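Because the structure is predicted, anything quoted here is derived from the model rather than measured.
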Amino acid sequence: MRAETAVRLFLDELAVEKGLSRHTLDAYRRDLAAYVKHLADRGVEVVGGADRDDITEFLRGQRDLGRAPSTVSRRLSAVRGLHRFAVAAGAAEADPTREVAGPRRQRKLPGALTVPEMERLLASPSGDDPVAWRDRALLEFGYATGVRATEAISVDLADLDVDPGLLRVRGKGDVERWVPIGRIALRAVTGWIRHGRTALVKDPRETALFVNRRGRRLSRMGFWLLIKRHADNAGLLLRVSPHTLRHSFATHLLEGGADLRVVQELLGHADLSTT
């Protein structure tokens with residue numbers, strides 16, 4: 001079966017059997033038109049005559065044209081669909097795309113706040129009630145240490161060594177590390193312990209450093225809602241989450257000239273490439 005004929009029948013099947021929209025069908029048509037032209041340039045006229053090299057060269061050519069990884073992945077998906085259809089229709093003996101790996105998509109970095117934006121966020125909690133003390137302390141704490149959300153809410157009072165300003169953190173795989181706390185954050189945390197935590201915690205058996213209004217360990221959702229509320233108060237347009245504090249911590253350290261391996265240790269990354 002000629003490649004052009006296979007494409008037409010494949011698109012007809014997608015329209016009738018799958019009920020795809022005209023917009024989606026047009027995208028398939030454009031992607032497969034580029035593929036058929038590539039095959040013709042290589043002297044391949046029938047769909048069953050394409051092999052692994054034809055497809056990998058098509059993908060390489062798309063990358064050389066500057067196509068985004070997402071576009072290349074989409075075009076490979078269309079080509080896979082065509083060859084699977086050809087095998088099912090008896091127009092080809094095998095599907096050569098089974099031997100072809102798609103391009104790796106780049107991981108998007110989480111957003112980081114600028115220093116002025118971070119200052120606005122840290123200044124959002126106001127007042128002297130226990131919750132205000134907690135929110136100030138937790139925001140300063142998260143930004144100063146760069147700990148993960150789960151690590152932050154898992155910290156116990158016993159993990160904080162006030163005198164040298166160090167924090168014991170239990171990270172992924174239950175691996176412990178010590179993280180320094182800056183002077184401003186330490187002052188906010190000790191203020192919370194004296195003026196806020198003692199007012200909320202009624203059970204002497206509660207060991208958590210950060211607690212909710214009922215005096216129990218703060219949850220991940222509670223941490224997220226806390227940050228969202230103060231981000232809204234600060235008028236921040238970026239979607240802010242507990243991880244935003246962590247990413248801003250690392251970004252601002254690197255912008256200030258910190259060594260990448262030091263930042264790796266502070267973040268608790270096992271692999272430098274993650275950092």
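Other residues, nucleotides and ligands contribute more than 12 heavy atoms inside 6.0 Å of the CG atom of Leu157. Heavy atoms of other residues, nucleotides or ligands lying less than 6.0 angstrom from CD of Glu176 number more than 12.
With Arg120 contributing its side chain and Gly235 its backbone, the two residues share a donor-acceptor pair below 3.5 Å. Counting only distance, with no hydrogens or angles, the side chain of Gln264 and the backbone of His269 share a donor-acceptor pair below 3.5 Å. In this structure, Thr251 contributes its side chain and His247 its backbone to a donor-acceptor pair below 3.5 Å. Between the side chain of Glu117 and the backbone N or O of Thr114, at least one donor-acceptor pair lies under 3.5 Å. Thr56 places a side-chain N or O within 3.5 Å of a backbone atom of Arg52 that can act as its donor or acceptor partner. Proximity of a side-chain donor or acceptor of Ser248 to a complementary backbone N or O of Leu113 within less than 3.5 Å is detected. Between the side chain of Trp133 and the main chain of Asp128, a donor-acceptor pair closer than 3.5 Å is present. At distances below 3.5 Å, at least one donor-acceptor pair connects side-chain atoms of Thr198 with backbone N or O atoms of Arg194.
The closest side-chain donor-acceptor pair between His230 and Asp135 falls under 3.5 angstrom.
Partners of Tyr35 under the ring pair (Phe, Tyr, Trp, His ring centres under 6.0 Å) rule, at least two apart in sequence or in another chain, are Phe58, His83. Evaluation of the salt bridge (charged side-chain N to carboxylate O under 4.0 Å, His left out) rule for Glu119 yields no partner, not counting sequence neighbours. Scanning for salt bridge (charged side-chain N to carboxylate O under 4.0 Å, His left out) contacts around Arg246 gives an empty result, with sequence neighbours left out. Here Arg213 pairs with Val131 under the side-chain contact (heavy atoms from CB on, under 4.5 Å) rule; sequence neighbours left out. Asp259 is linked by a side-chain contact (heavy atoms from CB on, under 4.5 Å) to Arg261, Val262, counting only residues two or more places apart in sequence or in another chain.
How far CZ of Arg229 is from OG of Ser124: 8.0 Å, rounded to the nearest 0.5 Å. Atom OG1 in Thr97 sits 7.0 Å away from atom CG in Leu76 (nearest 0.5 Å). Taking CZ of Arg98 as the reference point, atom CZ of Arg84 lies at 9.0 Å (rounded to 0.5 Å). With values rounded to the nearest 0.5 angstrom, His252 atom NE2 is found 10.5 Å from Leu254 atom CG.
Taking all atoms of both residues into account, the shortest heavy-atom contact from Ala137 to Trp192 is CB-CB, 3.5 Å. In plain terms, the two heavy atoms of Asp31 and Ala78 that are nearest each other are CB-CB, 4.0 Å. Scanning all heavy atoms of the two residues, the minimum distance from Ala50 to Leu39 falls at CB-CD2, 4.0 Å. Minimum interatomic distance between Gly165 and Leu186 (heavy atoms only, all atoms of both residues): CA-CD2, 4.0 Å. Contact record, Ala185 with Ile181: CB-CG2, 3.7 Å, taken as the closest heavy-atom pair.
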Q: Check the pair Arg80, Asp95 against salt bridge (Lys or Arg N to Asp or Glu O under 4.0 Å), reporting the backbone distance first and the verdict last.
A: CA-CA 8 Å; Arg80 286 190 198 280; Asp95 174 10; over 6 Å; no
Q | Stepwise ring-ring contact (aromatic ring centres under 6.0 Å, His included) test for Phe210 and Phe223 | A | CA-CA 10 Å; Phe210 295 107; Phe223 191 6; 7.9 Å; no
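Here Tyr143 and Phe249 keep their ring centres 6.0 angstrom or further from each other.
Between Glu57 and Arg60 there is a salt bridge, since at least one side-chain N of the basic residue sits less than 4.0 Å from a carboxylate O of the acidic one. Look at Asp161 and Arg168 and you find no salt bridge, because none of the NZ, NE, NH1 or NH2 atoms lies under 4.0 Å from a carboxylate O. Between Asp26 and Arg29, at least one side-chain nitrogen of the basic residue sits less than 4.0 Å from a carboxylate oxygen of the acidic one, meeting the salt-bridge criterion.
Listed by first and then second residue, the side-chain hydrogen bond (donor to acceptor under 3.5 Å, both in side chains) pairs involving residues 146-157 are Arg148-Glu151, Thr150-Arg220, Glu151-Arg177, Asp156-Thr207, Asp156-Arg217 (not counting sequence neighbours).
Between Leu138 and Ile227, every side-chain heavy-atom pair lies at or beyond the 4.5 Å cut-off.
A chain of hydrophobic side-chain contacts below 4.5 Å, direct or via other Ile, Leu, Val, Met, Phe, Trp or Tyr residues, connects Ile193 to Leu167.
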